[in-house]
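Chain A is the first sequence line, chain B the second, and so forth, proteins listed ahead of strands; every chain is numbered from 1. Side chains included, hydrogens not; waters and symmetry mates left out as well; all remaining heavy atoms used.
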There are 2 protein chains.
Amino acid sequence: MSSPSPGTATPAPAPEVSDMLCFSIYAAGHAFTQLYRPLLDKLGLTYPQYLVMVTLWNRDGQNVKELGKTLFLDSSTLTPLLKRLDAAGLITRTRNPRDEREVLLRLTPAGQALKGEAAEIMRCVAAAVGQDGQTIDTLRAAIDTIRDRLHAQRKA
Amino acid sequence: MSSPSPGTATPAPAPEVSDMLCFSIYAAGHAFTQLYRPLLDKLGLTYPQYLVMVTLWNRDGQNVKELGKTLFLDSSTLTPLLKRLDAAGLITRTRNPRDEREVLLRLTPAGQALKGEAAEIMRCVAAAVGQDGQTIDTLRAAIDTIRDRLHAQRKA
DNA sequence: CTCGATTCAATTGAGCGCAAATCACAGGAG
DNA sequence: CTCCTGTGATTTGCGCTCAATTGAATCGAG
């Protein structure tokens, strides 16, 4: 008697992926990546590389650990990605003389210069999303709340 | 004079990743994957493999194209994934005798049997998300709307 | 029936993401 | 100073994701 529909002819609820919040987020993430691809191709960046650049544009000179904390990414993901940005001439990677364990990430002039181009991309994405700022902020807050709850679960 | 804040001391708005909806979705997606990992390890599945199984539990005997349409994934992603599910004894992959281009995907008894274990996982995930069904449905609808808009943009 | 276009799956190459193991450095206890 | 522990980054191995290409089968025009 624990079923919501009591007795007759409901063989199984049969959940579909389209009913699952995790799948909505999964699919929307891919859709964003594919939206960004042609826009970022002009800058020679991938979507995760772009997120790294946005973070560095806000605070230059952080180390890998701090960057990873902001993006929720592991150093084993970031190290090869940062090497590619380095090879592309957008950042430099130097050990901190005060603590040789840390690698400091600094934008090159070329890396700084890309910031100007990014504004145009943000406008394109906002247009593609096609929702007002209020709606987006509310949605974002709801998603972040869930993310934080999932991360908290991780420790428990 | 094109700046929104007219004259004084606003050097740059400096958008951060935490202000970007795309990043919220990106990070939440990873959080879900990490929540699922220990749960699915018991079944020997990865998260994308689990989504495939959920889809096949709902409709057995589809081909790769149809599966990809549901999950928004390409055959180049699915082919190796399906080979792993085949190697694990959860599905079979056979050419459609009516049209030899298609590969039909069918659950094995072992693949069917996993469906029972999945209910428990869904309960764990729902508990971790910790929101009522109404809230989740609203959130999911909003995300799906944006996803559809992004996909539509793709064609234009 | 033959030719050309289309469709479905598979393959290839590059990059992302994470767990686990490794290496180097820093800092404290003795 | 030496050992031990902890931390930051890298390496390795596996799987996912997609663009581009290939190969095989189907279908339609003539």
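Ion pair A:Arg123/A:Glu120 flagged as a salt bridge, since at least one NZ, NE, NH1 or NH2 atom sits closer than 4.0 Å to an Asp/Glu carboxylate oxygen. Ion pairing of B:Asp60 with B:Arg106 is absent here, as no side-chain N (NZ or NE/NH1/NH2) approaches a carboxylate O to less than 4.0 Å. Salt-bridge formation is detected for the pair B:Asp144/B:Arg140: a Lys NZ or Arg NE/NH1/NH2 atom is positioned less than 4.0 Å from an Asp or Glu carboxylate oxygen.
When the C1' atom of D:dG8 is taken as reference, atom CG of A:Leu73 falls 16 Å away, rounded to whole Å. One interatomic measurement links the two molecules: CD of A:Glu100 to P of D:dG6, which rounds to 23 Å at whole-angstrom precision. The CG atom of B:Leu51 sits 14 Å away from the C1' atom of D:dT17 (whole-angstrom rounding). Separating the NZ atom of A:Lys83 from the P atom of D:dT10 is a distance of 6 Å, rounded to the nearest angstrom. Residue A:Asp74 contributes atom CG, which lies 14 Å from atom P of D:dT11 at whole-angstrom precision. One atom, CZ of B:Arg93, and another, P of C:dA9, lie 10 Å apart when rounded to the nearest Å.
Among the heavy atoms of the strands lying under 4.0 Å from A:Leu81 are primed sugar atoms or P, OP1, OP2 only; no base atom is included. Residue B:Thr46 is classed as a sugar-phosphate contact, given heavy-atom separations below 4.0 Å to backbone atoms only.
Here D:dG8 is the nucleotide among D:dT10, D:dT17, D:dG8 with the atom lying nearest to any side-chain atom of A:Glu102. Among C:dC18, C:dA9, C:dG15, the nucleotide with an atom closest to any side-chain atom of A:Ser76 is C:dC18. Closest to the A:Asp99 side chain, of the nucleotides C:dG17, D:dT10, C:dA26, is C:dA26.
A residue-by-residue look at A:Thr33 and A:Pro80 shows that A:Pro80 has its nearest nucleotide of DNA chain D further toward the 5' end.
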